[in-house]
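Report on the structure given below.
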Amino acid sequence: MRSLLIFAMAGVLAVVVQTTLVQRLGFLPAAPDLIVTLCVYLGLHYHTAAGALGAFLLGYLLDTFSGAVPGLYCLTMTLVFGMVYLVSKRLWMENPMSNIAAVALGSAVKIVTVVLYFAIVATRSVNWWFVLRTLMLEALLALLCAPAVFAALDSYLPRSARQHAAE
Amino acid sequence: MLNLLRRYSVLFTTGTLLLLSAALLVTNTRTSRRIDPLGVVFLEIITPISHLLSSVSGTMSNTWRTYVDLVGVRQEREWLRRRVRELENQVERAGTLETQNARLQALLDLREGMPGQSVAARITGVDASGLFRTATVNKGESDGVQKGMAVVSPGGVVGRVVSTSPNAARVLLLEDPSSGVDVLVQRSRARGIVEGSLNGGCQLKYVKHREDLRVGDLVATSGLDGIFPKGVLVGTVSRLSREEGGLFQTAQVEPAVDFNKLEEVMVVEAPENEVPPEASQNGPATHAPSGG
């Protein structure tokens with residue numbers, strides 16, 4: 001229950017930061033993709049059906065607050081969760097560097113999914129330079145923010161709950 | 001079987017959710033209607049928080065700037081600076097109030113010029129991803145805002161409402177790649193469609209090759225798309241591209257509205273019966289007296 005509440009709050013906060021704060025502060029070239037970071041955290045520490053559902057709902061939240069076709073980010077974030085989950089089942093990913101590598105993997109999954117979507121579905125001409133630059137910037141900022149986000153989540157979520165969920 | 005399900009519950013759930021997402025994506029891509037069952041709930045929860053945080057962050061950034069400016073200054077200079085700052089703040093506040101007053105007055109003038117029902121709204125947030133151009137406004141169904149309504153500002157066309165909840169709505173901005181507005185070139189009465197593009201800015205398309213189109217031409221809504229009232233300024237032609245032998249010519253359009261500085265907008269009801277451009281002798285008057 002505590003984990004659910006914390007993730008709901010984290011999701012809301014992430015969207016508010018992406019839609020309001022970054023624009024208001026105005027010194028960042030793009031908004032860090034905090035939702036990807038949260039999905040990666042779920043993939044690393046919540047090896048349960050609830051973890052997958054959490055990633056799906058975070059994607060839905062992003063779909064609601066972006067101009068994307070509903071379903072695009074649901075699919076992307078569920079894929080991010082799935083990939084990170086599969087990798088973390090096979091590799092030891094409990095140190096800060098591997099956490100950052102997991103966020104990089106999550107961001108890569110997101111970039112590939114969005115680019116594939118544009119390549120397959122987009123009916124109008126796509127400025128690939130703009131799309132890739134924006135996605136890369138968001139991913140880079142997500143990597144920079146990841147240690148702080150992970151530390152904040154670690155401090156609020158008891159280790160026992162995370163371990164229990166992972167088992 | 002149960003054991004197998006329990007053992008691979010994460011993979012089963014992830015797979016099911018992937019299928020669900022793909023179904024949602026495919027359905028929404030194929031139909032023009034937005035199928036978004038949870039969107040209303042999320043919009044209702046986040047918009048008030050976003051609105052509050054937007055105000056708080058504005059105050060915080062002002063406070064931070066003031067603090068940074070004053071650090072390390074001697075006491076006397078500090079006092080003098082504070083005094084100057086106080087006076088500047090007063091002037092700034094007066095200036096802000098004056099600008100806000102002018103903006104709201106322009107919005108009121110615009111409201112009077114609109115044919116149907118209109119609702120004034122405030123922008124509370126922008127698109128969560130960098131690839132699309134949408135915004136959230138603090139007025140929703142309970143204020144009369146409905147899906148498909150046009151959104152304008154004193155500067156010109158802003159976009160249209162794509163989803164609503166009781167107290168908030170999402171606006172697809174003019175410069176989003178999936179937006180399109182039926183327009184007329186004010187000088188030559190040439191008709192075309194203004195579309196957004198992925199790298200920002202807009203393009204005027206489907207203007208017949210023989211039509212007279214020049215850099216600096218004003219482009220306004222035709223009212224024929226059933227969304228925007230006739231004669232609202234869309235932008236100015238900034239670059240032409242004519243392909244020899246092509247049926248149509250294309251032009252780059254500089255939007256009349258600066259979307260980064262947008263604060264208040266007017267949500268306008270769709271026009272009922274607009275007169276086709278050919279029937280209008282002098283053409284519509286452009287509802288765009290002031291800038292962005």
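Computed from heavy atoms alone, side chains included, the values below leave out hydrogens, waters and symmetry copies. Proteins get letters first, then strands, A, B, ... in listed order; numbering begins at 1 in each.
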Give a yes or no on whether the backbone of A/Val69 and the side-chain of B/Asn28 come within a donor-acceptor separation of less than 3.5 Å.
-> no
Distance-only, no hydrogens or angles: does the A/Tyr60 side chain make a donor-acceptor pair with backbone N or O of B/Leu38 under 3.5 Å?
-> yes
Picking from B/Leu173, B/Val10, B/Val162, which has the most non-hydrogen pairs under 4.5 angstrom with chain A?
-> B/Val10
How about B/Lys147: does its NZ atom have over 12 heavy atoms from other parts shown lying under 6.0 Å from it?
-> yes
Only one of A/Thr78, A/Leu79, A/Leu86 clears side-chain contact (heavy atoms from CB on, under 4.5 Å) with B/Thr14; which?
-> A/Thr78
So which part of A/Asp63 gets closer than 4.5 Å to some heavy atom of chain B, the side chain, the backbone, both or neither?
-> backbone
Heavy atoms of A/Leu75 and B/Leu25 approach each other most closely as CD2-CD2, 4.1 Å
Heavy-atom closest contact (B/Arg133 atom, A/Phe130 atom, distance) | NH2-CZ, 3.6 Å
If one checks every heavy atom of B/Leu172 against chain A at 4.5 Å, the contacting part turns out to be neither
For the atom pair SG (A/Cys74) and CG (B/Leu20), what is the distance rounded to the nearest 0.5 Å?
-> 7.5 Å
Against chain A, label B/Ser129 side chain, backbone, both or neither, depending on which of its atoms sit under 4.5 Å from a heavy atom there.
-> both
If you count heavy-atom pairs under 4.5 Å between each of A/Phe81, A/Tyr85, A/Tyr73 and chain B, which one has the most?
-> A/Tyr85
Greater than 12 external heavy atoms within 6.0 Å of B/Phe248's CZ = yes
Winner by heavy-atom pair count (cut-off under 4.5 Å) against chain B, out of A/Ser66, A/Gly71, A/Ala52 | A/Ser66
Quick one: do B/Thr13 and A/Phe56 satisfy side chain to side chain contact (heavy atoms under 4.5 Å, CB included)? Show the steps, please.
-> CA-CA 10 Å; B/Thr13 313; A/Phe56 174 83; over 6 Å; no
Show your reasoning for whether side chain to side chain contact (heavy atoms under 4.5 Å, CB included) applies to A/Phe118 and B/Leu131.
-> CA-CA 11 Å; A/Phe118 275 121; B/Leu131 295 178; 3.7 Å; yes
Quick one: what part of A/Leu53 sits under 4.5 Å from any heavy atom of chain B, side chain, backbone, both or neither?
-> both
For B/Thr134, is it the side chain, the backbone, both, or neither that has a heavy atom closer than 4.5 Å to a heavy atom of chain A?
-> side chain
Most heavy-atom pairs under 4.5 Å with chain A, out of B/Leu24, B/Leu17, B/Thr16, belong to B/Leu17
